[in-house]
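Values below: all heavy atoms of this structure, side chains included; hydrogens, waters and symmetry mates excluded. Atoms within a ligand are numbered from 1 in the order they appear, just like the ligands themselves. If you're wondering where the values come from, they're calculated on a predicted model, not measured in any experiment.
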Amino acid sequence: MVSGRWSVVSRSPEETREIGVRIGRLCKAGDVIALDGDLGAGKTCLIQGLAEGLCVSKKSYVRSPTFTILNVHNGRVPLYHFDLYRLSDIDELEEIGFREYIYGEGVSAIEWASNVKDAIPAECLRIGIRRAGEAEREIEITATGERYERFIKIFGTQIYRIINGNKG
Ligand code: ADP
Ligand code: MG
């Protein structure tokens, strides 16, 4: 299977958010973004940018509770934001109709995706975030499948420019 990898160091929440915005702009219905990283790594921060890139209103975002497994936001396409940190068993996933969402009409962004490894499609965009300092975060993006490979080629150069201070 086609795959590609891109990694970058973000130096502020704004940079991480901006990476999310760039990814969001390129997303279309059916895309799956699987995120992993410790508590406080910046997964939600990146997804807030993703929401902006999908034209989700800030109001919708701010109102959403952070303790639920799923928040749905209306944007240019729906954003299904999953947080599987507190997921106790896989049946809970079935109950909320996880499959219908990830193979559905929106973009799925899944925090703690590795908690449900078997339920994540083989083809997806994986984002790993690792704390590398107070405000430094190493972000590694892995694309699996043709769709996501193309994706990484496009935003790879954009992200490079953001991080290097040239917001082209
Ligand atoms: P997670 O969803 O992974 O638990 P959050 O996005 O909720 O993490 O929180 C990330 C925290 O780290 C926020 O308080 C944010 O301000 C802080 N932070 C500091 N530097 C960065 C960075 N470069 N990228 C993302 N978040 C950062
Ligand atoms: Mg979070």
Engineer: Quick check on the Mg ion (ligand 2): does Tyr85 put an N/O/S atom closer than 2.8 Å to it?
Structural biologist: no
Engineer: Is there at least one pair of N or O atoms, one from Leu39 and one from ligand 1, spaced under 3.5 Å apart?
Structural biologist: no
Engineer: Taking N, O or S atoms only and a limit of 2.8 Å, check whether Glu111 reaches the Mg ion (ligand 2).
Structural biologist: yes
Engineer: Would you say the side chains of Glu111 and Thr44 form a donor-acceptor pair under 3.5 Å?
Structural biologist: yes
Engineer: Looking only at side chains, do His81 and Tyr61 share a donor and an acceptor under 3.5 Å apart?
Structural biologist: yes
Engineer: Is there a side-chain contact between Ile69 and Ile96 in this structure, where contact means two heavy atoms from C-beta onward sitting under 4.5 Å apart?
Structural biologist: yes
Engineer: Does Ile47 have a non-hydrogen atom less than 4.0 Å from ligand 1?
Structural biologist: no
Engineer: Yes or no, since that's all I need: does a protein heavy atom fall within a distance strictly under 4.0 Å of atom 2 (O) of ligand 1?
Structural biologist: yes
Engineer: If you apply the rule salt bridge (Lys or Arg N to Asp or Glu O under 4.0 Å), what do you find for Glu149 with Lys153, and how did you get there?
Structural biologist: CA-CA 6 Å; Glu149 162 78 358; Lys153 274 187 188 146; 3.6 Å; yes
Engineer: Identify the closest protein heavy atom to atom 20 (N) of ligand 1: which residue and atom is it, and at what distance?
Structural biologist: Ala135 CA, 3.3 Å
Engineer: Would you say Arg11 has any N or O atom under 3.5 Å from an N or O of ligand 1, going by distance alone?
Structural biologist: no
Engineer: If you count heavy atoms of other groups shown closer than 6.0 angstrom to CD of Glu105, is the number above 12?
Structural biologist: no
Engineer: Check each atom of ligand 1 against the heavy atoms of Asp38 and keep those under 4.0 Å away; list them by number with element.
Structural biologist: 3 (O)
Engineer: Is the shortest side-chain heavy-atom distance between Ile110 and Leu84 below 4.5 Å?
Structural biologist: yes
Engineer: Would you say ligand 1 has an N or O under 3.5 Å from any N or O of Cys45?
Structural biologist: yes
Engineer: Is a salt bridge present between Glu140 and Arg126, judged by a nitrogen-to-oxygen distance below 4.0 Å?
Structural biologist: no
Engineer: Using a 4.0 Å heavy-atom threshold (strictly under), name the region of Glu111 that reaches ligand 1: side chain, backbone, both or neither.
Structural biologist: side chain
Engineer: If you measure from each heavy atom of Arg17 to ligand 1, is any distance below 4.0 Å?
Structural biologist: no
Engineer: Heavy atoms only: which of Gly20, Gly133, Gly42 is nearest to atom 8 (O) of ligand 1?
Structural biologist: Gly42
Engineer: What protein heavy atom sits nearest atom 10 (C) of ligand 1, and how far away is it?
Structural biologist: Gly40 O, 3.4 Å
Engineer: Inspect the contact between Lys43 and Asp83 and indicate whether a charged nitrogen and a carboxylate oxygen are less than 4.0 angstrom apart.
Structural biologist: no
Engineer: Please determine whether salt bridge (Lys or Arg N to Asp or Glu O under 4.0 Å) holds for the pair Arg130 and Asp38, giving the CA-CA distance in whole Å, both sets of side-chain angles, and the decisive distance to 0.1 Å.
Structural biologist: CA-CA 7 Å; Arg130 206 181 54 82; Asp38 293 342; over 6 Å; no
Engineer: Return the residue, atom name and 0.1 Å-rounded distance of the protein heavy atom closest to atom 15 (C) of ligand 1.
Structural biologist: Pro13 CG, 4.0 Å
Engineer: Is the closest protein non-hydrogen atom to atom 25 (C) of ligand 1 under 4.0 Å?
Structural biologist: yes
Engineer: Using modelled atom types only, decide if a donor and an acceptor are shared between the side chain of Ser12 and the backbone of Glu15 within a distance under 3.5 Å.
Structural biologist: yes
Engineer: Just jot down the salt bridge (Lys or Arg N to Asp or Glu O under 4.0 Å) partners of Glu134, sequence neighbours excluded, or say none.
Structural biologist: Arg131
Engineer: What is the closest protein heavy atom to atom 17 (C) of ligand 1, and at what distance does it sit?
Structural biologist: Arg137 NH2, 3.7 Å
Engineer: Counting both backbone and side chain atoms, is some N or O of Glu136 under 3.5 Å from an N or O of ligand 1?
Structural biologist: no
Engineer: Tell me which protein heavy atom sits closest to atom 7 (O) of ligand 1, plus the residue, atom name and distance to 0.1 Å.
Structural biologist: Thr44 CB, 3.7 Å
